Amino acid sequence: MSGPALRIGQGWDTHRLAEGRPLILGGVTVPSDLGLDGHSDADILLHAITDALLGALALGDIGMHFPDTDPAWKGAASDRFLHHALSLVQGQGYQIANVDTTVILQRPRLKDFRTAIRANLAGILGIPADFLSVKFKTAEQVGPVGERRSAEAQAVVLLLRT
Ligand code: MG
């Protein structure tokens with residue numbers, strides 16, 4: 001395979017918070033009065049990592065691969081998006097070196113879910129959990145995230161040519 005030995009990708013996502021929706025982060029359902037609203041399951045963390053993988057190989061973005069106007073993706077579990085991006089990465093001869101992520105959510109506090117989220121993400125990506133960082137921040141009650149109108153996730157991924 002040709003191409004540089006290392007490639008880096010960055011991803012970001014946001015969804016609105018709404019009543020009557022589940023809060024699913026990294027494929028893990030977190031008990032909460034408000035959940036993430038969207039066409040799919042609105043898992044911002046999986047969407048950010050998917051975009052980081054696509055970005056590392058300049059393969060466009062999640063909306064290009066999975067249009068939210070397509071009924072096929074309505075209510076879709078977002079691990080399908082991540083599996084697809086991972087298959088593209090592997091198909092181009094790369095493997096994941098490490099992933100670093102941040103979830104910005106005002107409430108609930110997420111620290112008790114870190115182990116489960118890391119384990120689930122590591123399982124999807126086929127890497128050890130210690131190659132995968134999940135950090136949590138509040139927004140200090142400022143702005144749409146701080147006012148619990150939305151939540152955000154960011155991801156950076158480094159790829160190694162195999
Ligand atoms: Mg999204």
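In each ligand, atom 1 is the first atom listed, and ligand 1 is the first ligand listed. Values below: all heavy atoms of this structure, side chains included; hydrogens, waters and symmetry mates excluded. This is a predicted model, so every value here is computed, not measured.
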Tell me which N, O or S atom from [X] is the closest to the Mg ion (ligand 1).
{"X": "D13", "answer": "OD2"}
{"X": "H15", "answer": "NE2"}
{"X": "H47", "answer": "ND1"}

*asked:* Any heavy-atom pair between the side chains of L132 and N98 that's under 4.5 Å?
replied: no
*asked:* In the structure I gave you, are the side-chain heavy atoms of L53 and L88 within less than 4.5 Å of one another anywhere?
replied: no
*Side chain N120, main chain V28, donor-acceptor under 3.5 Å*: no
*Would you kindly say whether D13 and H47 are connected by a side-chain donor-acceptor distance under 3.5 Å?*
yes
